[in-house]
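Right, one structure below, let's go through it.
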Amino acid sequence: MAPTEETTEKPLDFIRQIVTEDKKSGKHPTPVTRFPPEPNGFLHIGHAKSICLNFGIASEFNGPCHLRFDDTNPSKEEDAYVKSIQEDVKWLGFDWGDNLFYASDYFDKLYDFAVELIKKEKAFVCDLTADEMREYRGTLTEPGKESPYQNRSIEENLELFQGMKDGKFEEGSHVLRARIDMASPNLNMRDPIIYRIMNVHHHRTGNKWCIYPMYDYTHCLSDSLENITHSLCTLEFADHRPMYDWVLDVLETPSHPQQIEFARLNLSYTVMSKRKLMQLVRDNLVSGWDDPRMLTISGLRRRGYTPKSIRDFCKEIGIGKRDSWIDMGVLENAVRNDLNVIAPRVMGVLDPLKVVITNYPKDTVEDIIAKNHPQNPDMGTRTLPFSREIFIERTDFLENAPKKFFRLDIGREVRLRYAYFITCVSVVKDETTGKILELHCTYDPETHGGNAPDGRKVKGTIHWVSAAQSLSCEIRMYDRLFNVENPDEDKDVDFKEHLNPQSLTSLTNCLVEPSLENLKPGSSVQFERQGYFCLDSKDSRPGKLVFNRTVGLRDSWAKRKK
RNA sequence: UGGGGCGUAGCCAAGCGGUUAAGGCACCAGGUUUUGAUCCUGGCAUGCGGAGGUUCGAAUCCUCCCGCCCCAGCCA
């Protein structure tokens, strides 16, 4: 390939560079990655970044990517979440093949490893209470104190640990701890807890266990048991890497994967943590995990985002180690780009204003041919009914409009898309309120199809629907969920205070062209001059259509008005 | 005032000692257009957190300083 042809390729991020080098050096001829969610909530756009990274590397280097559920804390986890997570990963377009794993699959092995640790005098059972433990841990600047239980004999530790497993002790009375260094400047190395007693039913192992391993102990071993080569996680785990390596160095394990950290995604005007998303759901501030305003994968799906748009977005933002804030506009731009190519164009009127074409014959309904996509003839055409009474957008008429207003005013001529030129003659108003009830216009029969034989031009082309044949529907308009860039910023103010009360506006008098009658729920269309909309997959019914606005079109006119 | 991570444009982000510091978003100015959409063209960092130093040559190496993020769960 000529060098010039390579210039469009996106440069490798630092993780792909490492993977590339490991392949070249023969250290890891094919990488094995994993996406390891805890099944304690729904996946969100932040997870998509990790999914695209892990599955993306796998497919680029022809290696597998495992889906592994990090289910070591049964008090928060549910089977419903594992289902939704699998659905979302698949929907995003990724495939883990046979490589579906659960940390809970390794509970037996993990227990045996813990016994090995005890036998090597690298772990001990500790009876300190949680409060005492905190005191003994020390602070950021002061070293901790060694546990009075740290010198128990191997035999005693073995017996106590067995007792923990057998349910002989109360929750909180004992934990198993790694024996490392209470004076370590890294708090994670101050004899961290690796097992705790929890009398909780586990969604997969039921009541078999009453002790559960901690993340730091489990994750590295799970990675090793699955022969993961590159264990990718977010920056806040960098401090845990010494522990990750310690466990794998002390124990006889199949492999020693490399943990690499990257920056998590921050998006403006939203919150990302599962805990906060959960609050919004629980407090009924949104309609559920899949509320179209939520940046969960299921919310985005219902909003009309395509898998490709989310993948493109993740590619666009890149992988690095700086704390970065991505503007919502970047996400919106990603859907627009995809939908612009694939969404059929149709006409829909959000706020209808009646127009009577006074010189058009009364009982005539005419077929108008319209393109389904202006740049893609392969998408074909459709016919639109046209008649004497139509509806246009209320915002497409303005009395005493400025010169630059390319729409309707008394005496002005516009083109009805694909149909005729019309000229506004008069306005009918409600005598008491002054509200505009309808417009009287005339059409030029010579302009059929939208072109004037005399070559005269009109600046504006507006969308319309035929009054008698249009379908009424509901359209839900969405705005950002929060009205500040970072709802988490002020620790003294609850993030819910920043909720945008206008985040959902339901328009119930909308009218769309009749071709939409049998549209499949979930499909996307562009309402010309308005934006991209998708038929809601939950609430839409035949005869009672409900659309979600995915995103508006770029609108330089609206910008100019400001 | 412990440890770890990070500072390149309004927002992301390449750059890995050697021509005028990629690219995208945003923004601005034109052009095409039966969507004020799309598309196309051009503009947009004498500058890489700051100050010194090394070098013929520094965003890249060294020193000091400044700023931001993370860590004291029996969460992940």
Side-chain angles (χ1 to χ4, degrees), chain A residues 7-8 10-13 17 36-38 40 70-73 75-77 126 128-130 133-135 137-144 171-177 184-190 192-198 212 214-216 218-219 233-242 261 263 268 274-275 315-327 329-330 332-334 336-337 340-341 345 347 370-371 373-375 404-407 414-419 421 449-451 457-463 526-531 552-560:
Chain A
T7 53
T8 51
K10 182 130 182 153
L12 296 183
D13 57 68
Q17 284 180 25
E38 182 186 15
N40 67 345
D70 226 334
D71 54 352
T72 56
N73 182 2
S75 65
K76 294 185 181 176
E77 297 153 7
C126 182
L128 254 25
T129 65
M133 194 91 70
R134 188 161 35 246
E135 277 173 41
R137 190 156 31 230
T139 68
L140 294 177
T141 51
E142 297 157 24
E171 265 185 34
S173 63
H174 301 275
V175 293
L176 185 68
R177 290 224 260 166
S184 172
N186 182 343
L187 299 252
N188 297 301
M189 298 298 270
R190 317 246 261 229
I193 293 168
I194 59 180
Y195 265 96
R196 76 288 214 190
I197 299 169
M198 287 180 97
Y212 292 95
M214 300 285 287
Y215 167 87
D216 275 336
T218 308
H219 204 89
C233 61
T234 41
L235 247 28
E236 66 270 27
F237 290 101
D239 288 342
H240 296 243
R241 189 174 355 109
E261 308 88 17
S268 58
K274 276 193 229 175
R275 210 191 96 245
K315 201 175 293 174
E316 189 58 51
I317 59 177
I319 299 291
K321 299 188 76 155
R322 319 170 211 188
D323 300 310
S324 58
W325 282 86
I326 309 289
D327 194 273
V330 180
E332 294 175 345
N333 191 59
R336 273 197 207 99
N337 284 162
N340 176 45
V341 175
R345 313 286 124 126
M347 292 201 278
K371 292 177 189 167
H373 192 113
Q375 279 85 32
K404 291 280 190 183
F405 185 81
F406 304 149
R407 308 177 189 182
V414 298
R415 169 166 41 232
L416 295 174
R417 175 131 240 224
Y418 298 121
F421 286 10
N451 284 307
K457 304 281 185 217
V458 291
K459 287 232 184 67
T461 300
I462 65 174
H463 58 281
Q526 184 199 91
F527 289 161
E528 295 210 29
R529 305 208 304 135
Q530 290 292 358
L553 255 29
R554 256 199 211 88
D555 189 349
S556 52
W557 169 243
K559 220 178 279 171
R560 175 195 286 262

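Chain naming here is simple, since letters A, B, ... match the order of the sequence lines and numbering starts at 1 in each. Since the structure is predicted, the reported quantities are computational estimates derived from the model, not experimental observations.
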Quiz item: Does A:Arg190 use its side chain to pair, donor to acceptor, with the backbone of A:Ser184 at less than 3.5 Å?
Solution: yes

Exercise. With heavy atoms under 4.0 Å as the rule, sort A:Gly318 into base, sugar-phosphate or nothing.
Key: nothing

Self-check item: B:C66 to B:A72 separation - C1' atoms, rounded to the nearest Å
Solution: 27 Å

Practice problem: Please determine, for B:C68, whether a Watson-Crick or G-U wobble partner exists with both distances under 3.5 Å, and give it or none. | Solution: B:G5

Practice problem: Give a yes or no on whether the backbone of A:Asp239 and the side-chain of A:Asn188 come within a donor-acceptor separation of less than 3.5 Å. | Solution: yes

Quiz prompt | Integer angstrom distance from the C1' of B:G24 to that of B:U19 | solution = 25 Å

Quiz item: For atom C1', what is the distance between B:A45 and B:U8, given to the nearest Å?
Solution: 8 Å

Quiz item: Taking atom C1' in both B:C12 and B:A22, what distance in whole Å separates the two?
Solution: 14 Å

Quiz item: Relative to the ring of A:His240, is the ring of A:Tyr215 parallel (under 30°), tilted (30 to 60°) or perpendicular (over 60°)?
Solution: perpendicular

Exercise. May I ask you to decide if A:Leu12's main-chain N or O and A:Gln17's side chain share a donor-acceptor pair within less than 3.5 Å?
Key: yes

Self-check item: Paired nucleotide for B:A29 [Watson-Crick or G-U wobble; both distances under 3.5 Å]
Solution: B:U41

Self-check item: Atom P, compared across B:C25 and B:A13: separation rounded to whole Å
Solution: 16 Å

Self-check item: Under 3.5 Å on both distances, the Watson-Crick or G-U partner of B:U63
Solution: B:A51

Practice problem: Please determine, for B:G57, whether a Watson-Crick or G-U wobble partner exists with both distances under 3.5 Å, and give it or none. | Solution: none

Practice problem: Take atom P in B:G15 and the same atom in B:C6, then report the distance between them in whole Å. | Solution: 15 Å

Quiz item: Does B:G5 have OP1 or OP2 sitting under 4.0 Å from an N or O in the side chain of A:Arg241?
Solution: no

Exercise. Mark yes or no for a side-chain to base donor-acceptor pair under 3.5 Å between A:Gln526 and B:U35, with no hydrogen or angle criteria applied.
Key: yes

Quiz item: In B/S/- notation, 5' to 3', how is nucleotides 16-26 of chain B contacted by protein heavy atoms closer than 4.0 Å?
Solution: B-----B-SSS

Quiz item: Do A:Asn333 and A:Arg554 meet the criterion of a side-chain donor-acceptor pair at a distance under 3.5 Å?
Solution: yes

Quiz item: Base, sugar-phosphate, or nothing for A:Asn451, non-hydrogen atoms under 4.0 angstrom?
Solution: base

Self-check item: Interatomic distance at C1', B:G7 relative to B:C48, whole Å
Solution: 10 Å

Self-check item: N/O (side chain, A:Ser556) to phosphate O (OP1/OP2, B:A37) under 4.0 Å
Solution: yes

Quiz prompt | Under 4.0 Å protein heavy-atom contact, by nucleotide of nucleotides 71-76 of chain B - B base, S sugar-phosphate only | solution = BBSBBB

Self-check item: C1' gap between B:A51 and B:G10, integer Å
Solution: 27 Å

Quiz item: For B:G73, does the O4'-C1'-N9-C4 (purine) or O4'-C1'-N1-C2 (pyrimidine) torsion place it in syn, i.e. within 90° of 0, or in anti?
Solution: syn

Quiz prompt | Contacts of type salt bridge (Lys or Arg N to Asp or Glu O under 4.0 Å), residue A:Glu171, not counting sequence neighbours | solution = none

